[in-house]
Amino acid sequence: MTQFVPIMHRVMPLPVLWVLLLVQGVMVVPFLFYLPPWLGVVFVLVLIWRWRVTHGDMRKAPRSLIVLAMLVGIGGLLLSGLRAYNLDSAVALCVLGYLLKSLEVMRRRDGIFQAYLGYFLTGIFLLYNYTPVGALVAIAMVLANTLALHAVTADQTFCWKRGTKLSLALMVAAVPIMIAGFLFFPRLPPLWSIPNDERGAQTGMSDEVDPGSVASLAQSTEPAFRVQFEGDPPPRQQWYWRGTTLGEFNGRVWRARFRDRNRFQWPRGQLPLAQPGAEQFEYSVLLEATQQHWLYFLDWPTQVRGQEAYVLPDGRAARRNSLSQTYRYEAQSAASVTWPNETALQWYQRLPEQGNEALRQWGLELRQNAGSDAAYIDAILNHIRTEPFRYTLQPPQYLSADSLSDFWFDGRLGFCSHYASAVAYLARVAGIPSRLVGGYLGGTYNQSGDFIQVRQMEAHAWVELWLNGQWQRVDPTAAVAPGRIDLNLDDWLSEDNPSDLPFGARFGRNLGPFNDLRFWWDSVQYQWQVSILNYQQSNALGLLEARFGRINPWHAAASMAVFLGVLGLLMAWFTGLLQLPRRQPEPWASLRRVERQYGNRHTGETVSDFMTRLAYEHPGQREALARLAQLIDTLAYDPQAMLDASRRRDLKQRVEACLK
Amino acid sequence: MTDIATVTQQLLAQAGKVVSGKDEVVRLAWVAILSDGHVLLEDLPGVGKTSLAQTLGRLLSLDYQRVQFTSDLLPADVIGAQVYRRDQEAFQFHPGPVFTQLLLADELNRATPKAQSALLEAMEEGQVSSDGVTHALPVPFHVIATQNPQSQAGTYPLPESQLDRFFMRLSLGYPDLESEKGLLSGTRGRSLLAELKPVLTADQLQALKAEVETVKVSDAVLSYVMRLVHSSRESGLCRLGLSPRGALALMTAARAMALVEGRRYVMPDDVQRVFPAVAGHRIQGQREHDTAVLVQQLLDEVDVIAA
């Protein structure tokens, strides 16, 4: 006699073990793109153990082996550089545990545990990849885990076809809940979070520009932000997307002044803002996470609408919290502005005491020869134009204390930041207030999505000078490489110097259909960002309020309750928990009509008894009722008359007549 | 083929002359006989139990025997015994009164259990055994047993298991005024028994019995019967619910009743009509209920039409 084993403790059949293993593989592979790849090796090792198990040795691993495997795994994670407490190490630990769980999965409760852990990992995966592709992968993961859960509970009766069908059906049934959750579930701030700063910091403009920094961005084809204009965008030459202004120079590196960086001053203690003139642009920007504070604007920012975002007096717009996620804001720029009196111009004239003596002398001399500040600047630009300066993505490194002099007199090979840096320095030498602006130049107009996409490789640095009581943009790159202003970097390079082109940008150029596909995919991603990831409660409320008027919380709660109630009823109906009153077939429908007219039949009263009673109460109808009773009885109980349509018609007519 | 509705009309008309005003009881007894069952008549002495049995025997042209059960009755008095025949120098079986087509077992509960069970075995098996030799009883074989209400002294009440063997339990009750007047004035009653003419031959009766099987039962009716039976077992009203044998009897009786009414399909009305007679002696209430009340309660509580 076999001993009774509680259901959760029963050993699962072999096919189910295989399903669990397969699901595990499906779950782990996408993570390998983000975590140490040797976790894949762990999976193979686990696979070997499972092979042993499925070939007869139905035992779970000894405890010592599990502990040992865990220790070795943790050691491996530490060796892979995952030492700090951050997202990567937490997830890596979780995935490791998930993999090693297979060493002991044998009974039903283990299987259920593994499936649940798989759901959890699916959620985590979305932290790494929230693109449309990531969403598809996550859906596949959910499907796989549902299949696993089904396999575990189906036990001996598991079959692939039915299991897949059932899992798909479950997911389809979950779609309404998904939509409701998407629309109505509040986007709560996290209760706790794992530090996540390390990722993403390597992309985007930083708040320091040393001569080499922008060039490294030029290697990246990642999108920086996307812009959608209300109405026509300004001409292509005006696509200077300003981000940070860098007013402090230490001889080598330009950085934002401390006062400008102190976000706790925003927006209090502000100087007056520039007043917009004519010709304004309205646009919305979807900015990828930068881990920085500033937002990108066309010259010159006048207004920003976004959470905790402000326009600052030095022509920046910034957000108090750093941008750890994709962020969307509405922006307004004016082509010309009236600047208030700048009171702190001396800050933009400061130079380090030491270094770049040769350049300083050269500048002072040039200034004396030039009649005015404007002529001086023109002379500088002219110098760049006429001397053999070259614009290149692979400039030599100027590492000495006189790096600007080295560049200006000896190297003459540089990227935008070199030229901007030198020109801003020369301006200060002559006492002209100047600053560097870090941002992007250009962008690609996406026809299918009607937006401009700006990639990291469009990163750019230029100079602003205070001349004639206003800040003026001077871009020395225009002097050395006029084509760069009209073309995106890769387009310009492919005409001028294809070998400088980053690999990612070289690939697929001049392939017409491929380009179209790329544009299409960009626009899909843009829509995904705007409408799915950046979907905020406030947007939803705005949308609803626009349609239904002011939303009162009680109404909102009530409509939510109604929505969920209807949803619940629908689900109950589909799952058979709830049975809607069906239209009764004849003769019961006719009987029901008679009952409605004359009062209900008693429980335990036969139809003819009922009709007899009615006839007693309504003597006028005696014969009609008797006939009805006979017809109903025949239709209900005589197998030979049941299917007789003419009798049914007869019954209906008689009931009509009787009820008149 | 004999038209059963007509036969029933004739039967009721003829029987009404002797057992006046008891059409429904006569009809139920007729249904019981069509269903090949035995009837227990439970009533006070002198209300016409014997008359009913004799009337049925005569109208259906069945051989009729009567045994008066007393406390000193022996099984052999019912079944018969081996008697030594000197001329043949051998024992010969001398059949008892049970070898007949219609047996009236009068006051069954006065006899000892031993004598009772001899009869009940014969009813169940359709044969009797005497000294190791089995003798088949004639076909058809029907028993109409009468029984005085058990409150009377000196009786051996039939146990439930044996009550179950009776297809129906009927009771006649006192006659109504009209019938009693006829009885007293001599225009009705047992004196007319001799004038009754059989309405059927024994062979025709057997043919009719075969027809009961062919009556159709729709799912709706079947479900109603099932619910009735279940309710008797599970509603908490009864201590002893209807047995499967009882359920089977109910179904057969309903069929026979439909046939008697001239229909080829059963209606819930048929079930309700036979239910008290078929179920009354097979179920027991939680307390000492009158089972007639209990049966009516079941009929009232179970809906005829499935929800």
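Here is the naming used below: chain letters follow the sequence lines, and residue numbers restart at 1 for every chain. Just so you know, these numbers use all the heavy atoms, side chains as well, and skip hydrogens, waters and symmetry mates.
- For chain A, the option among B:L228, B:V221, B:D219, B:L298 with the highest count of heavy-atom pairs below 4.5 Å is B:V221.
- Annotation for A:M171: atom CE counts as buried by contact number, over 12 foreign heavy atoms lying within 6.0 Å.
- Using a 4.5 Å cut-off on side-chain heavy atoms (C-beta onward), A:Y637 and B:V217 make no contact.
- Separation of atoms OG (B:S218) and CG (A:D633) is listed at 10.0 Å; rounding is to 0.5 Å.
- Residues from residues 605-625 of chain A that place a non-hydrogen atom less than 4.5 Å from a non-hydrogen atom of chain B comprise A:E605, A:T606, A:V607, A:S608, A:D609, given in numerical order.
- When all heavy atoms are compared, the tightest approach of A:T603 to B:E301 is CG2-O, 3.3 Å.
- In this structure, the side chain of A:Q640 does not engage the main chain of B:K216 through any donor-acceptor pair within 3.5 Å.
- Remark: A:R162 CZ is loosely packed, at most 12 non-hydrogen atoms of other residues, nucleotides or ligands lying under 6.0 Å away.
- More than 12 non-hydrogen atoms from other residues, nucleotides or ligands lie less than 6.0 angstrom from CD of A:Q597.
- For chain A, no part of B:V271 is nearby; none of its heavy atoms comes within less than 4.5 Å.
- By the 6.0 Å contact criterion, NZ on A:K652 is open, its count of non-hydrogen atoms from other residues, nucleotides or ligands being 12 or less.
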Practice problem: Starting from the C-alpha separation in whole Å, work towards a yes-or-no answer on side chain to side chain contact (heavy atoms under 4.5 Å, CB included) for A:W588 and B:I305. | Solution: CA-CA 9 Å; A:W588 310 122; B:I305 297 164; 3.2 Å; yes
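- B:A220 and A:A636 get closest at one heavy-atom pair: CB-O, 4.3 Å.
- Under the side-chain contact (heavy atoms from CB on, under 4.5 Å) criterion, B:Y174 pairs with B:L44, B:V47, not counting sequence neighbours.
- Take B:D300 and apply the salt bridge (Lys or Arg N to Asp or Glu O under 4.0 Å) test, not counting sequence neighbours, and it matches no residue.
- The side-chain heavy atoms of A:D638 and B:R263, taken from C-beta on, include no pair separated by under 4.5 Å.
- Within the structure, every pair that satisfies the side chain to side chain donor-acceptor pair (under 3.5 Å) test and touches residues 241-253 of chain B, not counting sequence neighbours, is listed here: B:E124-B:R245, B:D164-B:S243, B:D164-B:R245.
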